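Structure record follows, encoded as structure tokens.
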There are 2 protein chains.
Amino acid sequence: MDETSTTLAYNFVREGILSGRFQAGAHLRETELATALGSSRTPIREALRLLDAEGLVEITPHRGARVCSWSHDEIRETYALRLLLEGEAARRAAALIKSDALSQLSLFATEMKQALQSGSPDRFATVAELNNRFHRVIHQSSGDSLLSSTLSSIIMASMVKNTFSIYTAVELSRSMNHHQELITALEHRDGDWAEAVMRCHIQAARWVTKPRPLELSLNVHQEVQLSPHTTTPSFPSEGNQIPRRGGSQ
Amino acid sequence: MDETSTTLAYNFVREGILSGRFQAGAHLRETELATALGSSRTPIREALRLLDAEGLVEITPHRGARVCSWSHDEIRETYALRLLLEGEAARRAAALIKSDALSQLSLFATEMKQALQSGSPDRFATVAELNNRFHRVIHQSSGDSLLSSTLSSIIMASMVKNTFSIYTAVELSRSMNHHQELITALEHRDGDWAEAVMRCHIQAARWVTKPRPLELSLNVHQEVQLSPHTTTPSFPSEGNQIPRRGGSQ
DNA sequence: ACTCGCCCCATTGCACACAATCATCTAGGA
DNA sequence: TCCTAGATGATTGTGTGCAATGGGGCGAGT
């Protein structure tokens, strides 16, 4: 959008952190980055300040910027807050969501399933990106811009850790089914249901990040079992299934 | 703490905005601020970026920084989020709060009442400051640093608008009584109760910010009626009163 | 052998200069 | 008279040099 050196540097470093090229705890030297980008230190400094405010790096005076690392407790805190805020966002989105947003959600859900079944080597990155967009659509449909932007800044931490490659087949299919159920709840304009599903979705994701035996999480997800939803229904849902409603809370 | 030029500039501008010396929408010129502070533009720029990230100013490329103004909708969104997050913080604080934090709360509550009854010209600023500290103690007692820091950044918006000088006598006394009830709920380690009171407290404050006839809000608060709590009980409350419990939600 | 203190170097903090951009004012033409 | 295009001034974006700070290594003393 705006091709200033600062935003360039910002995107470069941010991308580097999210992709894992800059590992947690790494020291980001201003001169190094400046020469790497062919600019001076000034825009680099500003970019680092921005990332500091965003929580991706931590700047200590006279000692420079380090890539943030999150403890297990901090990750837990992130999910606890997401539980609260994403649940609220889903509830509000149910009342306000536009039809084109709903079709976007369906599109993203379908593309996620396709990416998983494609077996492509970077499918997990693709799913992560699509998943972020999926959630962002819901946030924005809540009609509360503060809620939406607060969520954006909070989710950062889980984005670095959560690569989907550690999901088991069962967990992946559960996650995909949550997406589908969410879409249905939103189509029905059922805020209680949407909130309940979202809370399931976040809580389930929270368990995935816990440390656990390795044999569970490595390459077991070749065959992903999905509910028979592969063709997404057109927008005003024909009410093909009305499962039990989840109550509030 | 750290007397760098950047933090100096940061505090200067921040103070200026919160005190109202820089009015909403005002254009903050870098050179102006630099000469005013006797420094160069570099630390000013960094301070402005920080304030931009915090949401106090808005920077548009090549056009500089403007003091943010909040629409009524945005203020409403702030209170909606506070309702959610401060309620949660109060609930968790009930389980974890330390005795010295409780005595701090009592102290702040007492000082607020004294400030109001003193009739000093800057009593409202004093109450606002004490009120912020009161809430911050609860946030920090929640044991969730992410929740606490998120609240800090969100509350910013309400801090600029909410000066307590627009409170009527009834509203002020209600607010003070909420503080007292909160302390009691926390002393009893009753998370449900604490959350319920906090939600009352926030929701009541939300109404105050609504536009309304002037005669209600100007200098009617000479006589503030308080519940008979003026002497704060020592920490492990002797259970002098156990009012109705507020359920969750 | 271990600890304490000093010095040097890497790195950041800040000032200043110049380039790029935007807003406003003015002049010219339809 | 109104609209548009160009020029000009004000303001921000970026590069560079120097000062200040902090950490690590080396040496001396215990």
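Naming convention: chains lettered A, B, ... in sequence-line order (proteins, then strands); numbering from 1 in each chain. No experiment lies behind these values; they were computed from the predicted model shown.
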### B:Phe134 and B:His179 aromatic ring geometry - parallel, tilted or perpendicular at 30°/60° bounds
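Tilted, since the angle between the ring planes falls between 30° and 60°.
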### Task
Name the nucleic acid region contacted by B:Ser5, choosing base, sugar-phosphate or nothing; use a 4.0 angstrom heavy-atom cut-off, strictly under.
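It contacts sugar-phosphate atoms only.
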### Query
So what does A:Ile44 touch, heavy atoms closer than 4.0 Å: a base, only the sugar-phosphate, or nothing?
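The residue A:Ile44 makes no contact with any strand.
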Do any side-chain nitrogens or oxygens of [X] fall under 4.0 Å of OP1 or OP2 in [N]?
X       : N      : answer
B:Arg49 : D:dG13 : yes
B:Ser39 : C:dC14 : no
A:His27 : C:dT12 : yes
A:Thr42 : D:dT14 : no
A:Arg45 : C:dT12 : no

If I take atom [atom1] in residue [X] and atom [atom2] in nucleotide [N], what distance separates them, rounded to the nearest angstrom?
X       : N      : atom1 : atom2 : answer
A:Leu8  : D:dG13 : CG    : C1'   : 14 Å
A:Arg41 : C:dT11 : CZ    : P     : 11 Å
B:Arg29 : C:dC22 : CZ    : P     : 17 Å
B:Arg63 : D:dT11 : CZ    : C1'   : 12 Å
A:Asp52 : C:dG13 : CG    : P     : 11 Å
B:Ile59 : D:dT12 : CD1   : P     : 10 Å
B:His62 : C:dT21 : NE2   : P     : 6 Å

#### Entry: Comparing B:Glu46 and A:Glu32 on DNA chain C - which has the more 5′ nearest nucleotide
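So the residue in question is A:Glu32.
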### Message
Whether B:Arg21 engages the ring of B:Phe12 as a cation-pi pair (distance to the six-membered ring centre under 6.0 angstrom, angle to the ring normal within 45°) should be assessed.
### Response
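Positive - B:Arg21 is close enough to the ring of B:Phe12 and near enough to its axis.
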### Message
Quick one: does any side-chain atom of B:Asp122 pair with a main-chain N or O of B:Ala125 as donor and acceptor, under 3.5 Å?
### Response
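No, because the side chain of B:Asp122 does not come within donor-acceptor range (under 3.5 Å) of the backbone of B:Ala125.
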#### Entry: Flag, side chain of A:Glu74 to backbone of A:Ser71, donor-acceptor distance under 3.5 Å
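Yes.
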